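Data first, discussion second: the structure below is written as structure tokens.
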Amino acid sequence: MSIVTRFPPSPTGFMHIGTARTALYNWLYARRHGGKMLFRIEDTDRARHSEEAVQAIINGLKWLELDYDGEVVSQFSRTARHAEVANELLKKGEAYYCYCSPQELEEMREKAKKEGRAVFYDRRWRDKAPSAAPKDVKPVIRIKAPLNGAATVKDHVQGEVTVAAEQLDDFIILRSDSTPTYMLAVVVDDHDMGVNYVIRGDDHLNNTFRQNIIYQAMGWKIPEYAHLPLILGPDGAKMSKRHGAASVEEYRELGYLPEAMRNYLLRLGWSHGDDEFISDKQAREWFDLEHIGKSAARFDFAKLENVNAHYMKEIEPGRLLGIAKPFYKSRHNIELDDLAVKRITTGINELKSRAKTVVQFVDESVFYAKNIPFEFDDKAKQTLQGDAKKVLETLTARLNDLKSFTSSEIENVSKAISQELTGGKLGAVAMPLRAALTGTTVSPSIFHAAEILGKDETLARLKAALN
Ligand code: GLU
């Protein structure tokens with residue numbers, strides 16, 4: 001059997017981190033087995049529908065570098081097919097028209113509440129003769145759920161889960177305006193698309209029992225299921241905005257790499273021994289449903305940062321620069337020109353290994369792209385006060401005399417000056433130099449940076465700082 005998974009998000013305006021993990025697991029499972037992952041947008045909620053929300057999901061997938069097979073399927077475009085199946089179930093005697101008024105339903109709800117029952121619909125139209133139907137009411141269609149016994153779901157993560165028939169009501173599959181309910185639409189689409197593995201959040205486990213009723217009534221094969229525990233915030237509550245970033249978009253903006261995100265999300269709920277860093281290749285070879293954890297995973301921001309730092313070290317420079325470019329613009333309003341790219345590329349290994357995120361990388365390398373005169377931040381301004389003036393003047397003179405402008409020569413000069421002027425404190429020379437060359441107090445080795453900037457630029461920056 002060729003494995004077909006699916007990713008069927010409801011477009012809510014952003015891609016939640018849990019949705020991203022679900023996509024990743026479906027993708028890995030399909031890729032591991034040479035199967036397919038299909039992509040369906042569950043866009044039947046027309047009142048709240050927006051194309052931007054759909055685009056947010058598509059962008060999220062793209063950023064995570066998860067591809068899918070075939071075209072994007074719109075659930076809404078299949079409404080007629082959903083109604084067709086509802087009518088077929090009616091014909092088979094597996095479903096029936098229900099003409100209850102909102103008021104009747106309310107009464108039933110009240111009654112059930114009093115009696116402490118979760119299921120309230122009393123099935124009053126299940127066996128009524130068609131002739132009893134009122135003429136002026138448009139009916140809904142309800143499925144006939146089993147009246148007794150129990151229903152069991154065999155789940156690859158949760159094991160066997162059973163509920164008693166009393167817990168399952170004759171739920172609506174087609175509304176009176178002929179639009180399908182979620183329960184019907186999902187089953188019909190999964191069946192028609194040939195989906196045989198449903199990997200999704202365990203908030204859908206209760207729906208599974210209901211959806212299986214539809215599969216059985218249609219005589220369709222029930223797919224394999226794997227219900228993933230939720231992702232919790234560090235405090236144990238369902239992961240949401242108040243924990244910090246909850247959407248994929250935000251992690252991108254915070255400067256996380258897609259490969260780090262994949263690795264982190266993979267490990268958040270699935271394990272391969274104690275392995276923390278798992279390459280895409282390994283993930284595609286190893287991912288299985290058996291090692292998905294049964295309990296909810298807690299999001300750990302520090303761990304994510306660690307994983308990201310690992311991938312910052314590994315990333316190929318050209319690719320990093322491609323990812324970083326928009327950040328220079330958005331954070332510093334700087335377009336990288338060829339000279340800046342050349343300088344940053346020369347210093348990239350040190351920059352990369354210091355930076356936990358793309359944002360940090362950009363902030364610590366942007367000085368290479370600055371044009372004189374540039375702004376000094378407050379700390380840099382402070383560093384440039386007092387004795388710093390004398391230090392910078394001396395540095396200017398000595399660096400000007402240097403024949404070979406290499407980081408070791410620059411360092412030697414700085415050391416000599418520190419002996420002469422600052423009682424041997426190298427920092428008292430290096431810090432003003434850093435402030436002068438970068439406009440900040442944080443950067444990679446400033447001697448190395450000066451070499452990369454070159455003699456002319458270094459002297460020009462020193463001069464500007466002295467002014
Ligand atoms: N559209 C549903 C959601 O975003 C997913 C349904 C499913 O996986 O069956 O939660």
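Remember, predicted model here, so these are calculated numbers, not experimental data. Both counts, for ligands and for their atoms, begin at 1 and track the order of listing.
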Show the atoms of ligand 1 that are less than 4.0 angstrom away from any heavy atom in [X].
X	answer
Glu42	1 (N), 2 (C), 5 (C), 6 (C)
Tyr182	6 (C), 7 (C), 9 (O)
Arg200	7 (C), 8 (O), 9 (O)

* Asked: With distance as the sole criterion, is a donor-acceptor pair present between the side chains of Gln211 and Thr208 under 3.5 Å?
  -> no

* Asked: Do you see a donor-acceptor pair shorter than 3.5 Å between the side chains of Gln360 and Glu364?
  -> yes

* Salt-bridge criterion met for Asp235 and Arg242 (N-O under 4.0 Å) -> yes

* Asked: Would you call Glu166 and Arg117 a salt bridge, taking side-chain N to carboxylate O under 4.0 Å as the test?
  -> no

* Closest protein heavy atom (residue, atom, distance) for atom 3 (C) of ligand 1 ->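 Checked against all protein heavy atoms, atom 3 (C) of ligand 1 sits closest to Ser10 OG, 3.6 Å.
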
* Asked: What protein heavy atom sits nearest atom 8 (O) of ligand 1, and how far away is it?
  ->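 It is Arg6 NH1, 2.9 Å.
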
* Pairs satisfying salt bridge (Lys or Arg N to Asp or Glu O under 4.0 Å), at least one member in residues 52-64, at least two apart -> none

* Using heavy-atom distances, let me know which of Gln211, Met183, His204 sits nearest atom 10 (O) of ligand 1. => His204

* Asked: Taking both backbone and side-chain atoms of Pro8, is any N or O found less than 3.5 Å from an N or O belonging to ligand 1?
  ->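 Right, the criterion is met.
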
